[in-house]
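Values below: every heavy atom of this structure, side chains too, minus hydrogens, waters and symmetry copies. Per chain, numbering begins at 1; letters A, B, ... match sequence-line order. Computed from a prediction, not measured in an experiment: that's the story for all the values here.
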Amino acid sequence: MTLYARFAAHVDAALDALVTGGQLPADLDRKGVSVEPPRDPSHGDLATNAAMVLAKRAGTNPRALAGLIAPKLEALAEVSAAEIAGPGFINLRLSSDVWQEELGTILAEGEGYGRSDMGQGQRVNVEYVSANPTGPMHMGHCRGAVVGDALASLLEHAGYAVTREYYVNDAGGQVDVLARSAHLRYREALGEDIGEIPEGLYPGDYLKPVGKALAKEHGDRFVAAPESEWLVPFREAAVAAMLVMIKADLALLGIHHDIFASEAEVQAAGKPDAAVEALRARGLIYEGALERPKSLDPHDEWEPVELTLFKSTQFGDDQDRPVKKSDGSWTYFGADMAYHFQKAQNADQLIDIWGADHAGTVKRIKAAVAALTDGKPFDVKLVQMVRLLRAGEPVKMSKRAGNFVTLADVVREVGRDVVRFTMLTRKSDAQMDFDFAKVVEASKDNPVFYVQYAHARIRSLHRKVASEVPDLPEAADLSLLDDDELALVKLAAQFPRIVESAADAHEPHRVAFYLHDLAAAFHAQWNKGNDDPARRFLVAQNPALTRARLELAAGIGQIIRNGLSIMGVAAAEEMA
RNA sequence: GCGCCCGUAGCUCAGUUGGAUAGAGCACGAGCCUUCUAAGCUUGGGGUCGCAGGUUCGAAUCCUGCCGGGCGCGCCA
């Protein structure tokens, strides 16, 4: 049980006592009552809004009710003072034993500190990356990959059973283009001069090995054959080769999905039919024509065509959406809807991580999931573009010319940990700049460095203590820690709340911001030792105090490691 | 025309799902340090939270309407 849960229970017990004493009605709705650290530390260690929330429901005023609750809380051994403040907050100051014990808990629980059972083992499916299998991963995919993976990890820490999933779009026109591009490389591998890659085909060199492998396997029998003879095998071979590349790219970031779900297999298994039938049974499918798109120029041609449509407008979409094309094949949406239906069979909650350029399709898929699952929780997180900069100048990229910056290049240049941390230093729906120079800069302006540096300093203490402070006692007396030092413990003790609130909000970046705050507080404490050697963590003349401070440092280090572990970042032992 | 996202200090961004006097870094002002507890430290100024209403004990946060910016709006994927 976390500190916060414990005090929420204390508040609950205080309210129970008032009910028993007849000072509060028994059927009082306690919804909205919370126990949180106040924004301003001078207000105390914890604050509850109980009196403000309940006053109206209990037919009294907040400060009067607070006057009843506060003494009950003040009577607790863990509480040194309970003050009524402002509109009716009850501010609690906890005795320093509480914080000393909490530091002990951090060290005892180690990497388990901050884990929560909030999710109660609920199954959450997180689908992320899902880049088209038509080439290596580029930086456009990177942020979604990191955010999705960190979110998955965050949810695991919060007690959810997480499945990491990748949807392979191997059924549409783009993989046909891939197959044709591979065919060209196949002819090239057999000695043909193919010249310039035609417009509309994938130009990248990464298809050359695919062409060679196809040439080796098939010889020249498909060189002049009609497309219908080679398209399917070439497509399958090329997609398989692309997935090998993509998995290797993801592995560079430390990302491993549990499931790679194939769109082609979803279709082959008849899932879209099943989904459409489920919708049809609810009267949500009909034959009809779409309106002329508003984005068309007035002189563009438009002919209404009869299509199979899903009534997504009943769930807030702007127009109904086709699930089948006029040639009878499934639309992307038709298959994707079925895929989500399938995912929902094995999960209590679904989360998708999408690029912001797909924002326009969120409503239809939410509509479909709502209709097919009777409102199972489903969140689509949109991840904004990352602008790559080199010395302040935007890096020019053109996918058509094939000179996009690959994820592998970036990871090789700056390292996995820097990439992952940096991608989490902004709210995911906000645009972000990624400057090659700044992300590796050794300065306090660089949060990656700043957090790692704090951890490295803590490690250096443990490396040096034996030689600098020889007679270190076995046991630590944490009552030797002063108020400034306990303030660090208080900040560290917020970690479990950060994990829970970040998991609840599906916002892994909060962990990064929290670690930055924690590192800043640690550095500030450390810097006091510059002016006053007695305030250093290692004090040669005082082994007992050193022992206590070492525990403090170890606790902070543990929290940094736990937070970084959620982000998928390794903690630095020392700075290069 | 419609939809989505955004609008917080000069700049880049946080803001604990509705809490108390709205924060951090950069930049700017002042002082300190020249150091392996290194890759600076301390401290100060700086705000109509786009605007106007509404909801309530309480709003940067929720609702409505405007203003401004971005993105999207085909049987594509």
Pairing check on B:G29: which nucleotide meets the Watson-Crick or G-U wobble criteria with it, both distances under 3.5 Å?
B:U43

For B:U42, does the glycosidic angle fall within 90° of 0 (syn) or outside that (anti)?
anti

Check ion pair A:K343-A:E127 (N to O, under 4.0 angstrom):
yes

Interatomic distance at C1', B:C11 relative to B:A77, whole Å
38 Å

Euclidean distance for P, B:U21 against B:G58 (whole angstrom):
13 Å

What about the rings of A:F522 and A:F537, do their centers lie closer together than 6.0 Å?
yes

Report which part of the nucleic acid A:K324 touches: base, sugar-phosphate, or nothing (heavy-atom distance under 4.0 Å, all strands).
nothing

A:R549 side-chain N/O to A:L538 backbone N/O, donor-acceptor pair under 3.5 Å
no

Can you tell me if A:W354 touches the phosphate of B:A77, counting only side-chain N or O atoms and a distance under 4.0 Å to OP1 or OP2?
no

Partner nucleotide of B:U21 by Watson-Crick or wobble geometry (both distances under 3.5 Å)
none

Does B:C76 have its OP1 or OP2 closer than 4.0 Å to a side-chain nitrogen or oxygen of A:N169?
no

Sticking with atom C1', work out how far B:C62 lies from B:G18, rounded to a whole angstrom.
8 Å

Earlier contact from the 5' end, RNA chain B, for A:A171 and A:A524
A:A524

Any strand is fair game: report the nucleotide pairing with B:U35 by Watson-Crick or G-U wobble, both distances under 3.5 Å, or none.
none

Can you check each nucleotide of nucleotides 13-34 of chain B against protein heavy atoms at under 4.0 Å and return B for base, S for sugar-phosphate only, - for none, in 5' to 3' order?
SSSBB-BB-----S--------

One thing to verify: whether A:R535 and A:D482 come together as a salt bridge, which I'm taking to mean a side-chain N less than 4.0 angstrom from a carboxylate O.
yes

How would you label the contact of A:F333 with the nucleic acid (heavy atoms, under 4.0 Å): base, sugar-phosphate, or nothing?
nothing

Expressed as a whole number of angstroms, how long is the span from A:Y167:OH to B:A77:P?
11 Å

Quick one: do A:K366 and A:D317 make a salt bridge, cutoff under 4.0 Å?
no

Does B:C2 have a Watson-Crick or wobble partner in any strand here, with both distances under 3.5 angstrom, and which is it?
B:G72

What's the CH2-P distance between A:W526 and B:U42, to the nearest Å?
15 Å

When we call it a touch if two heavy atoms are under 4.0 Å apart, what does A:Y453 touch: a base, just sugar-phosphate, or nothing?
base

Separation of atom NZ in A:K438 from atom P in B:A39, rounded to whole Å:
20 Å

Nucleotide nearest A:T361 (side chain, heavy atoms from C-beta), chosen from B:U37, B:C41, B:A77:
B:A77

Checking side-chain polar atoms at under 3.5 Å, does A:D379 have a donor or acceptor matched by the opposite partner on A:H506?
yes

Ranking B:A38, B:C2, B:A39 by distance to the side chain of A:N530, first place goes to B:A38

Mind calculating the distance between CG (A:D317) and C1' (B:C4) to the nearest angstrom?
12 Å

Does A:R457 make a side-chain N or O approach to OP1 or OP2 of B:A38 shorter than 4.0 Å?
yes

Side chains of A:Y453 and A:R457: any donor to acceptor distance under 3.5 Å?
yes

Students often get this wrong, so: under 4.0 angstrom with heavy atoms, is A:S326 touching a base, only sugar-phosphate, or nothing?
base

Can you tell me how far P in B:G74 sits from the matching atom in B:U8, rounded to whole Å?
31 Å

Given atom CG of A:D318 and atom C1' of B:G3, what is their separation to the nearest angstrom?
5 Å

Under 3.5 Å, is there a donor-acceptor pair between the A:E165 and A:Y339 side chains?
yes

Could you state the atom-to-atom distance from OH of A:Y450 to C1' of B:A38 in whole Å?
15 Å

Regarding A:G529, tell me which of base, sugar-phosphate or nothing describes its non-hydrogen contacts under 4.0 Å with the strands shown.
nothing

Base, sugar-phosphate, or nothing: which does A:K528 touch, judged by heavy atoms less than 4.0 Å apart?
nothing

Does the gap between the ring centers of A:H516 and A:Y450 come in under 6.0 Å?
yes

If you measure from the P atom in B:G29 to the same atom in B:G19, how many Å do you get, rounded?
37 Å

Look through every strand shown and name the nucleotide pairing with B:G7 as Watson-Crick or G-U wobble, where both distances are under 3.5 Å.
B:C67

Gap in Å between the two P atoms, one belonging to B:G50 and one to B:A22, rounded:
15 Å

Atom-pair distance (CD on A:E574; C1' on B:C36), nearest Å
13 Å

A cation-pi test, strictly: NZ or CZ of A:R321 under 6.0 Å from the centre of the six-membered ring of A:F310 and no more than 45 degrees from its axis. Yes or no?
no

P atoms of B:C76 and B:G15, separation to the nearest Å
37 Å

Under 4.0 Å, counting only non-hydrogen atoms across every strand here, what does A:V305 touch: a base, just sugar-phosphate, or nothing?
base

If you pin A:P533 and A:L382 to their nearest nucleotides in RNA chain B, which one's is more 5'?
A:L382

For A:D357 and B:C5, give me the distance from atom CG to atom P, rounded to whole Å.
16 Å

Considering only atom C1', compute the distance from B:A24 to B:G46 and round it to an integer number of Å.
14 Å

